[in-house]
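This report concerns only the one structure given below.
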2 protein chains.
Amino acid sequence: MEYIRSQNSLDEYFKNTQFKDYFGFDIQPYTSIVRFDPDDIILEEGDRPGRLYYMFSGRAKLLITHKNGTVSLINFLEAPCFIGEMELLDRDKPAYGVTAISTCLCFSIDIAACRSKLLNDVTFLQHLCYFLSDKALGDAYNYSKNQSYPLKVKLASFILLTENNGLYRERHAEAAGFLGVTYRHLLYVLAEFVKDGILRKTPAGYKIVELEQLKELAELE
Amino acid sequence: MEYIRSQNSLDEYFKNTQFKDYFGFDIQPYTSIVRFDPDDIILEEGDRPGRLYYMFSGRAKLLITHKNGTVSLINFLEAPCFIGEMELLDRDKPAYGVTAISTCLCFSIDIAACRSKLLNDVTFLQHLCYFLSDKALGDAYNYSKNQSYPLKVKLASFILLTENNGLYRERHAEAAGFLGVTYRHLLYVLAEFVKDGILRKTPAGYKIVELEQLKELAELE
DNA sequence: AAAATAGTATGAGATTTCTCACATAAATAT
DNA sequence: ATATTTATGTGAGAAATCTCATACTATTTT
């Protein structure tokens, strides 16, 4: 993670997003801009980060660690969205972690400095409710739509969602868990993609060779 | 739908739920209690109901109608939860409908009478955010956990979730859509349940004969 | 009353996905 | 450096699920 320090760029981003309109008070003094690179941890599971993020560019994933230590990919977060609102609303530490997939640019709000302002700002709370309600509906819709398709199609979407710079490199166990198929079958279909020339296996991960074909497959859903 | 008029029962319910604590002002004057019977429409798709519900007992389902007219079951709502918050937060009419599965008891808040009070009540907004955020996480978790199991298991859960008075009577097409399997296959597994004596087919619907066996199956997930 | 429509029902072969057994490579611990 | 664990891969038969074709209601429309 890296802070973006230039005052210019902060001003610039403020102008170009609606972010400031989500608050009933001037949020800029409490805000900085941070960049998370792929695989950076945005929210540590079981931590009290003290930061509320508003991601205005990038993709991230939401993970849960089970009692037995295995990690499950649970959901995706796509800009624009809030990250870490549960910590603000209080109640224990987050029971989930968030990790950057692509480069993520976020406004980072210092909760300690303005927690009570936020919690008493109806403009902000209304917008947060709206975001959450909207996302819940969209997610539910996607869930029920998604599951009907064969793995070929779901995997194509999944690769496009998790790919970075044309490289797919998810843990197979994690991917299989999220996609609801066995490890074995995931490998099988992945091998099919390689055989069909859609992907190429490299030491760094699976390189996307035929982006168009992947997109076509994914669009079936 | 039926109003529950007795002042006694309103007082009673108020005492026995935390409902009133979710508001920073006295909500009781704006609240009545309504009962929805199975299959009653709680929220009409494309309507402006003017009511915010807090369901404190019962189960309901969330439906979406597609452009081509087909209806998809999208999600379940279980007490306690809010229903219709999108209408309060404004933005057009709801793009989804909600129908009672079992008998549902709800506090019904007259939005017209206290919209601005609600939208300016940080206590309420905070609780709503919390509910929404919590539900989103729970849904995501369930979803990713769920999909791995064979239909036998998922159908068992589904039947338990949609059953009323021991009777399962969902539309097969709707159920198949939600469960992400073909109509054919759903019928196949349903027939298996009948053959195994778990369900019995009656003119009124599928009667649950072996509740325990259904529960056992469902608990595998 | 006939026709059209929507929901229910079943068979059979094709495809997808699973189970399980096992092998190899890479990362981590002792 | 060696054992141990973790992740990756592969084969083959079994089970789950899909596709498609085809009937049979019941309800609604004309």
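Fair warning: this is a prediction, and the values are worked out from it, not measured in the lab. Each chain gets a letter, A, B and so on, in the order its sequence line appears, and its residues count up from 1.
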Consider only side-chain N and O atoms of B:Tyr143 and B:Gln147, and report whether a donor and an acceptor are under 3.5 Å apart.
yes
Atom-pair distance (CZ on A:Arg169; P on D:dA7), nearest Å
14 Å
Rounded distance in Å - CG (A:Leu186) to P (D:dT10):
12 Å
Does a nitrogen or oxygen in the side chain of A:Tyr188 sit under 4.0 Å from OP1 or OP2 of D:dT10?
no
Is A:Glu170 salt-bridged to A:Lys61, cutoff N-O under 4.0 Å?
yes
Without decimals, in angstroms, what is the distance between B:Leu151 CG and D:dA15 P?
17 Å
Mapping A:Thr182 and B:Arg171 onto DNA chain C by nearest heavy atom, which one lands closer to the 5' end?
B:Arg171
Looking at A:Arg59 and A:Glu78, does any basic side-chain N land under 4.0 Å from a carboxylate oxygen?
no
Does D:dT19 have OP1 or OP2 sitting under 4.0 Å from an N or O in the side chain of B:Arg184?
no
Got B:Tyr141 and A:Ile64 here, is their nearest side-chain heavy-atom distance under 4.5 Å?
yes
Nucleotide D:dA16, atom P - distance to CZ of B:Phe193 in whole Å
12 Å
Check every strand shown and say whether A:Gly69 touches a base, only sugar-phosphate, or nothing at a heavy-atom separation below 4.0 Å.
nothing
Can you tell me the distance, in whole Å, between the CG atom of B:Leu179 and the P atom of D:dC18?
11 Å
On DNA chain D, compare the nucleotides closest to B:Glu192 and A:Leu187; which residue's is nearer the 5' end?
A:Leu187
Round to the nearest Å and state the distance from B:Lys154 atom NZ to C:dT17 atom C1'.
12 Å
Provide, to the nearest angstrom, the distance between the NE2 atom belonging to A:His172 and the C1' atom belonging to C:dA26.
14 Å
Can you tell me if the side-chain N/O atoms of B:Lys201 get under 4.0 Å from OP1 or OP2 in C:dA9?
yes
Over all strands shown, is B:His185 touching base, sugar-phosphate only, or nothing at heavy-atom distances under 4.0 angstrom?
base
Thinking salt bridges, do A:Glu210 and A:Lys215 make one under a 4.0 Å N-O criterion?
no
Rounded interatomic separation in angstrom, taking CD from A:Glu174 and P from D:dT6
15 Å
